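Note on naming: letters A, B, ... go to the chains in the order of the sequence lines (proteins, then strands), and numbering restarts at 1 for each one. This is a predicted model, so every value here is computed, not measured.
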Protein chains: 2
Amino acid sequence: MYIRRDIFQAIADPTRRAIITLIAFQTMTPNAIAEHFDITRQAVSKHLRILTECELVKQQSEGREIYYQLQINKMKEIDKWLDQFRKIWETRYSQLDTLLANIKDKKKK
Amino acid sequence: MYIRRDIFQAIADPTRRAIITLIAFQTMTPNAIAEHFDITRQAVSKHLRILTECELVKQQSEGREIYYQLQINKMKEIDKWLDQFRKIWETRYSQLDTLLANIKDKKKK
DNA sequence: TATATAAGCAACCACATGGTTTCGCAAAAT
DNA sequence: ATTTTGCGAAACCATGTGGTTGCTTATATA
């Protein structure tokens, strides 16, 4: 067993996914984020630490407040990983298209 | 705490991601899969159980062998979740395009 | 200056996770 | 008929995870 702190582990937790969605459009402070959940601010802080560690989120201090911002580019890593499968499902679809075309063709004859 | 057995939790583990990639193109038996890793066949079996539970994988018995097949369509759920962010990063890119266009424009003048 | 507020950190806890070994069972091979 | 093989299930173990409470520090505000 080893310490994993990658983006896939980060998005595994539903609360973390909700936080990501929440701050996707505007930066937010831990307190503001915590208001949306039934967990303590400290728990939110721990989630934000994990998100920060895998660079999904960036801090921005403003006085005693810390605004957290989603690093949307990091999300593309998931998209990139999906690419290998996207190729497959597109192929399968085109095969289905061919199959359907053949059936159509046979009916005509 | 509650039991999570969703696709995001399934792909959180690196070994599980490797298994998914491995069987993406051809069905494989647990033994054949286990040969690719430094873990026991039983450990692979546990991973396959998790993948089966969230319907990422389907079994296909053939005598005493069981072939595991990736349900590629299930992978689209991740793609679907990414959609909300895809919109954002495409907007940011078009904003960047506008910015670059403006700079170009100013140079001309 | 004293106090309230925002946030991180540390210690703690119950339960989840990923691995192992051992076992049992059914199918194939001898 | 006996042995080998392929597999899953169960019990067990160390470590990870997600939450809590309590504390400290820094900035605002009375």
Side-chain angles (χ1 to χ4, degrees), chain A residues 1-23 26-71 78, chain B residues 1-23 26-71 78:
Chain A
M1 204 94 45
Y2 44 93
I3 297 169
R4 288 174 287 124
R5 193 107 312 170
D6 62 27
I7 195 171
F8 293 100
Q9 195 247 344
I11 63 163
D13 183 81
T15 304
R16 231 135 49 204
R17 285 202 301 281
I19 291 175
I20 288 174
T21 301
L22 200 56
I23 64 170
Q26 54 173 349
T27 63
M28 286 178 82
T29 65
N31 261 321
I33 295 168
E35 278 173 16
H36 290 77
F37 302 96
D38 277 339
I39 54 174
T40 60
R41 175 190 56 77
Q42 284 90 332
V44 170
S45 233
K46 283 177 84 171
H47 283 307
L48 288 171
R49 205 169 88 90
I50 289 168
L51 293 173
T52 304
E53 277 173 7
C54 67
E55 295 177 306
L56 254 173
V57 139
K58 229 177 66 181
Q59 301 181 9
Q60 195 174 336
S61 291
E62 216 151 295
R64 65 179 164 185
E65 292 180 330
I66 300 177
Y67 286 88
Y68 284 86
Q69 181 182 28
L70 181 64
Q71 296 302 98
I78 305 166
Chain B
M1 204 90 45
Y2 44 91
I3 298 169
R4 287 174 287 120
R5 194 106 313 170
D6 62 27
I7 194 170
F8 292 101
Q9 196 246 344
I11 64 163
D13 183 81
T15 303
R16 232 135 48 206
R17 286 201 301 282
I19 291 176
I20 289 173
T21 301
L22 200 56
I23 64 171
Q26 54 172 351
T27 64
M28 285 178 83
T29 65
N31 261 323
I33 295 168
E35 278 173 16
H36 290 78
F37 303 96
D38 277 340
I39 54 175
T40 60
R41 174 190 57 79
Q42 285 89 335
V44 170
S45 232
K46 283 177 81 171
H47 284 306
L48 288 170
R49 204 169 89 90
I50 290 168
L51 293 173
T52 305
E53 278 174 6
C54 68
E55 296 177 305
L56 254 173
V57 140
K58 228 178 66 185
Q59 301 181 9
Q60 197 174 336
S61 290
E62 216 151 297
R64 67 180 162 185
E65 293 182 330
I66 301 176
Y67 287 87
Y68 284 86
Q69 180 181 31
L70 182 65
Q71 296 302 96
I78 305 165

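Between A:Thr40 and the phosphate of D:dT20, there is a side-chain N or O to OP1/OP2 separation shorter than 4.0 Å. Between D:dT5 and B:Asn31, no contact under 4.0 Å exists linking OP1 or OP2 to a side-chain N or O. Contact between the side-chain N/O atoms of B:Arg16 and the OP1/OP2 oxygens of C:dG18 is found at a separation under 4.0 Å. Side-chain N/O atoms of B:Ser45 include one lying less than 4.0 angstrom from OP1 or OP2 on D:dG8. A close approach under 4.0 Å does occur between a side-chain nitrogen or oxygen of A:Thr29 and OP1 or OP2 of C:dA7. In terms of phosphate contacts, A:Arg5 brings a side-chain nitrogen or oxygen within less than 4.0 Å of OP1 or OP2 of D:dT17. OP1 or OP2 of C:dT17 has at least one side-chain nitrogen or oxygen of B:Gln9 nearer than 4.0 Å.
The nearest heavy atom of DNA chain C to B:His47 and to B:Gln42 marks one nucleotide each, and the one closer to the 5' end goes with B:His47. The nearest heavy atom of DNA chain D to A:Glu62 and to A:Ile50 marks one nucleotide each, and the one closer to the 5' end goes with A:Ile50.
Of all heavy-atom pairs spanning A:Glu55 and A:Gln71, the tightest one is O-CB, 3.7 Å. Looking at every heavy atom in both residues, A:Cys54 comes nearest to A:Asp6 through CB-C, 4.1 Å.
Within the nucleic acid shown, A:Arg49 comes within 4.0 Å of sugar-phosphate atoms alone, with no base atom in reach, counting heavy atoms only. The residue A:Tyr68 sits close only to the backbone: its heavy atoms come under 4.0 Å of sugar-phosphate atoms, none of a base.
Here the C1' atom of nucleotide D:dT20 and the CZ atom of A:Phe37 are 18 Å apart, to the nearest Å. With rounding to whole Å, A:Asp13 atom CG is found 17 Å from D:dG16 atom P. Separating the CG atom of A:Leu48 from the P atom of D:dT17 is a distance of 17 Å, rounded to the nearest angstrom. C:dG8 atom P lies 6 Å from atom CD of A:Gln59, rounded to whole Å. Rounded to whole Å, the distance from CD on B:Glu65 to P on D:dT4 is 19 Å. Straight-line distance from the CD atom of B:Gln60 to the C1' atom of D:dC7: 16 Å, rounded to whole Å. B:Met28 has its CE atom 14 Å from the C1' atom of D:dG6, to the nearest Å. The CZ atom of A:Arg41 sits 12 Å away from the C1' atom of D:dT25 (whole-angstrom rounding).
A donor-acceptor pair is defined here as one N or O able to donate and one able to accept, closer than 3.5 Å; no such pair exists between the side chain of A:Arg41 and the backbone of A:Ala34. Remark: side-chain polar atoms of A:Arg17 are paired, donor with acceptor, to backbone N or O of A:Ile11 under 3.5 angstrom.
The base of D:dG8 is not paired with the side chain of B:Lys46 by any donor and acceptor separated by under 3.5 Å. Judged by distance alone, with hydrogens and angles left aside, B:Arg64 brings no side-chain donor or acceptor close enough to the base of D:dG8 to form a pair under 3.5 Å.
The existence of a salt bridge linking A:Lys46 and A:Asp13 is excluded, since no basic side-chain nitrogen approaches an acidic carboxylate oxygen closer than 4.0 Å.
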### Task
Output, in order, the C-alpha distance, side-chain angles, deciding distance and verdict of side chain to side chain donor-acceptor pair (under 3.5 Å) for B:Tyr67 and B:Gln69.
CA-CA 7 Å; B:Tyr67 287 87; B:Gln69 180 181 31; over 6 Å; no
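Ranking D:dT20, C:dG8, D:dG6 by closeness to the A:Pro30 side chain, first place goes to C:dG8.
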